[in-house]
Amino acid sequence: MRAIVLTAFGGPEALQLGDVPVPSAGPGELLVRVVASGTNPVEAKLRADGRWAGLAPPVVLGYDASGTVEEVGPGVTGFRRGDDVFYTPEIFGNRLGTYAEHNVVPAAIVALKPASLSHVQAAAVPLAGGTAYEAIVRRLAVRPGETVLIHGGAGGVGSFAVQLARAAGARVIATAGPENQETLRALGADVAVDYRAQDPAQVALAETGGAGVDAVFSTVGGDPIVHGLAAVRPFGRIATILGVKGDLTLLYTRNLTLHGVFLVREGARLRELARLADQGKLRPLVDAVLPLDRAADAHRRLDSGHGRGKIVLAVEPARA
């Protein structure tokens with residue numbers, strides 16, 4: 001089968017179209033014919049140096065997929081050949097990723113594809129949408145009437161976070177560059193902040209009459225959390241998908257709760273995301289669709305760090 005093989009750690013040019021054996025489904029697994037594969041910033045990090053995740057080239061990357069079940073392994077219930085499914089596989093270990101025409105995945109972390117989404121759209125959901133769901137719904141437990149500040153609201157994870165916070169009944173303040181202000185509004189942000197021209201913490205304080213926001217979710221690097229601690233109300237909550245460095249004194253003097261979010265794979269979360277999608281409350285923001293053999297171009301865009309939504313690889317273009 002065709003696959004994009006990482007020949008050595010390094011730049012995007014290390015991603016080469018190759019031919020690898022088709023895997024077989026073992027006990028508890030599904031063999032999926034991949035129609036589309038989402039791309040994610042973590043894959044660019046793994047491409048550059050994935051030793052921290054146990055990778056050893058040559059290896060096939062890819063941690064988002066939508067496709068059709070081709071083989072059901074022993075002991076699997078709830079799925080059958082021909083089912084359209086979506087999922088995000090584990091990143092640790094030298095597993096065969098989703099930049100390939102077939103992929104083997106544990107059935108426990110798979111869900112039926114949302115009927116309202118195409119394979120391309122569905123492939124953009126699992127990792128980014130799951131991370132946003134974990135932060136907004138489970139960790140921050142955003143409630144109706146609260147105000148939430150989302151850093152990086154036009155990105156892959158942030159675009160889902162804005163929609164999930166709105167679906168929870170919150171007022172949303174979201175940040176992005178000047179080119180993505182309309183995107184933030186289209187996603188449902190009540191206040192769009194150009195972080196290059198405005199101080200998000202000052203905007204958050206002004207929008208809450210000085211009281212501070214109830215919760216913050218950061219999807220970007222740098223120090224927006226540390227800089228913005230004073231813009232969170234006492235006993236407020238913060239979640240981040242990246243590390244935090246700097247003076248965290250206000251974290252305890254204001255009785256704030258800080259959540260680190262690293263996605264644990266599960267089918268139940270995907271089923272909830274599918275339900276929200278089919279209810280029209282959640283839509284992936286797909287910025288570009290590229291053929292499988294242009295995976296290196298997708299990674300060049302990931303390396304830029306200023307993407308809008310998700311870049312998806314059409315593995316099987318006729319059905320994507």
field: Nearest-0.5 Å distance that lies between atom NE2 in H227 and atom CD1 in I225
entry: 12.5 Å
message: Would you say H151 and S218 are linked by a side-chain donor-acceptor pair, where the criterion is simply a distance under 3.5 Å?
response: no
field: Check: E101 side chain, R2 main-chain N or O, donor-acceptor pair, under 3.5 Å
entry: yes
message: Measuring from atom CD1 of I91 to atom CG of L61, what distance do you get when rounded to the nearest 0.5 angstrom?
response: 10.5 Å
message: I'd like to know if R196 and D194 make a salt bridge, using a cut-off of under 4.0 Å between side-chain N and carboxylate O.
response: no
Which residues share a side-chain hydrogen bond (donor to acceptor under 3.5 Å, both in side chains) with R283, sequence neighbours left out: none
R139 (side chain) donor-acceptor with G260 (main chain) under 3.5 angstrom: yes
message: Does any part of the side chain of L285, heavy atoms only, come nearer than 4.5 Å to the side chain of T183, both counted from C-beta?
response: yes
- request: For Q198, check side-chain hydrogen bond (donor to acceptor under 3.5 Å, both in side chains) against everything at least two apart and list the hits.
  value: none
message: For G228 versus A201, what's the shortest heavy-atom pair and its separation?
response: CA-CB, 3.9 Å
- prompt: Just how far is it from atom CG of L15 to atom CG of D293, taken to the nearest 0.5 Å?
  reply: 12.0 Å
message: Quick check on the hydrophobic clustering: are F160 and V148 connected, directly or via other members, by side-chain heavy-atom contacts under 4.5 Å?
response: yes
message: The test is side-chain contact (heavy atoms from CB on, under 4.5 Å); show your working for T240 and H259 and say whether it passes.
response: CA-CA 6 Å; T240 179; H259 299 274; over 6 Å; no
Extract all donor-acceptor atom pairs below 3.5 Å that involve side chains of residues 168-175 and protein atoms in other chains or at least two apart in sequence.
| unit_1 | atom_1 | unit_2 | atom_2 | d |
| --- | --- | --- | --- | --- |
| R171 | NH1 | E207 | OE1 | 3.3 |
| R171 | NH2 | E207 | OE1 | 2.8 |
| T175 | OG1 | G152 | N | 3.0 |

- prompt: Does V35 reach the side chain of V315, with side-chain heavy atoms less than 4.5 Å apart?
  reply: no
message: Is there a path of hydrophobic side-chain contacts, each under 4.5 Å between heavy atoms, that joins V232 and L250?
response: yes
field: Side chains of P200 and V193 in contact at under 4.5 Å (non-hydrogen atoms)
entry: yes
message: With clusters defined by side-chain heavy atoms of hydrophobic residues (ILVMFWY) lying less than 4.5 Å apart, directly or transitively, does V105 cluster with V76?
response: yes
message: Please find the pair of heavy atoms, one from A65 and one from V34, that lie closest to each other, and give the distance.
response: CB-CG1, 4.4 Å
- prompt: Taking K113 for the side chain and L117 for the main chain, is one N or O donor matched with an acceptor at less than 3.5 Å?
  reply: yes
task: Could you give me the CA-CA distance, side-chain angles and deciding distance for L6 and V60, then say whether side-chain contact (heavy atoms from CB on, under 4.5 Å) is met?
output: CA-CA 6 Å; L6 177 66; V60 176; over 6 Å; no
message: So does S118 get a backbone contact from the side chain of Q121, meaning a donor-acceptor N/O pair under 3.5 Å?
response: yes
- prompt: Does the N180 side chain pair with the main chain of G177, one donor and one acceptor, at a distance under 3.5 Å?
  reply: no
- request: Check V85 against V110 and note the closest heavy-atom contact, atom names and distance.
  value: CB-CG1, 3.5 Å
query: Which heavy atom of D83 sits nearest a heavy atom of G78, and at what distance?
result: OD2-O, 4.3 Å
task: Determine, for R319 against D84, whether the closest basic-nitrogen to carboxylate-oxygen distance falls under 4.0 angstrom.
output: yes
Joint cluster assignment, V216 & L140, ILVMFWY side-chain distance < 4.5 Å: no
field: Contact check, side chains of T147 and L149, non-hydrogen atoms, under 4.5 Å
entry: no
statement: Grouping ILVMFWY residues whenever side-chain heavy atoms fall under 4.5 Å, the cluster of V220 otherwise contains none
Residues in side-chain hydrogen bond (donor to acceptor under 3.5 Å, both in side chains) contact with R81, at least two apart in sequence or another chain: none
message: Strictly by salt bridge (charged side-chain N to carboxylate O under 4.0 Å, His left out), give each pair with a member in residues 244-254 just once, sequence neighbours left out.
response: none
task: Using the side-chain contact (heavy atoms from CB on, under 4.5 Å) rule, take I241 and T131 through it: C-alpha gap first, then chi angles, then the decisive distance, then the call.
output: CA-CA 8 Å; I241 61 174; T131 300; 3.5 Å; yes
message: Please list all pairs meeting salt bridge (charged side-chain N to carboxylate O under 4.0 Å, His left out) that have one or both residues in residues 230-240, counting only residues at least two apart or in different chains.
response: E146-R237, D214-R233
message: With a 4.5 Å cut-off on side-chain heavy-atom distances among I, L, V, M, F, W and Y, is there a chain of contacts connecting V203 to V226?
response: yes
- request: For the pair R269 (side chain) and V264 (backbone), establish whether a donor and an acceptor sit closer than 3.5 Å, ignoring hydrogens and angles.
  value: yes
R47 vs D303, salt bridge (charged side-chain N to carboxylate O under 4.0 Å, His left out): CA-CA, chis, key distance, verdict: CA-CA 11 Å; R47 184 210 71 229; D303 284 347; 3.0 Å; yes
statement: OH of Y133 to CG of L263, rounded to nearest 0.5 Å, is 12.5 Å
task: Would you mind reporting whether F86 and L270 have side-chain heavy atoms less than 4.5 Å apart?
output: yes
- request: Not counting sequence neighbours, which residues clear side-chain contact (heavy atoms from CB on, under 4.5 Å) with D287? List them please.
  value: R301, R308
- request: Sort and list the pairs that fulfil side chain to side chain donor-acceptor pair (under 3.5 Å) and have at least one residue in residues 30-43, not counting sequence neighbours.
  value: R33-E70, R33-E316, S37-T98, N40-E43, N40-D64, N40-K310, E43-Y99
message: Any non-hydrogen side-chain atom of V142 less than 4.5 Å from a side-chain atom of F217?
response: no
Which pairs would a plain distance check flag for residues 18-29, meaning a side-chain donor or acceptor within less than 3.5 Å of a matching protein atom at least two apart in sequence or in another chain?
| unit_1 | atom_1 | unit_2 | atom_2 | d |
| --- | --- | --- | --- | --- |
| D19 | OD1 | M1 | N | 3.2 |
| E29 | OE1 | G26 | N | 2.7 |

field: P58 versus V5, closest heavy-atom pair with distance
entry: CB-CG1, 3.7 Å
- prompt: Is there a donor-acceptor pair under 3.5 Å between the side chain of T219 and the backbone N or O of V157?
  reply: no
message: Could you work out, with side-chain contact (heavy atoms from CB on, under 4.5 Å) as the rule, every residue matching P106, not counting sequence neighbours?
response: I109
- request: Report the C-alpha separation of L276 and L164 in whole Å, then their side-chain angles, then the decisive distance to 0.1 Å, and conclude whether the side-chain contact (heavy atoms from CB on, under 4.5 Å) test is met.
  value: CA-CA 9 Å; L276 290 169; L164 289 168; 3.7 Å; yes
- request: Report the distance from atom CD1 of I4 to atom CG of L292, rounding to the nearest 0.5 Å.
  value: 4.0 Å
message: Is there a side-chain contact between L46 and Y63 in this structure, where contact means two heavy atoms from C-beta onward sitting under 4.5 Å apart?
response: yes
query: Does the pair E266/R138 count as a salt bridge with the N-to-O cut at 4.0 Å?
result: yes
message: Nearest 0.5 angstrom please: L273 CG to K281 NZ, how far?
response: 13.0 Å
field: Considering all heavy atoms, the nearest A154-L184 contact
entry: N-CD2, 3.6 Å
- request: Not counting sequence neighbours, which residues clear side-chain hydrogen bond (donor to acceptor under 3.5 Å, both in side chains) with E272? List them please.
  value: R275
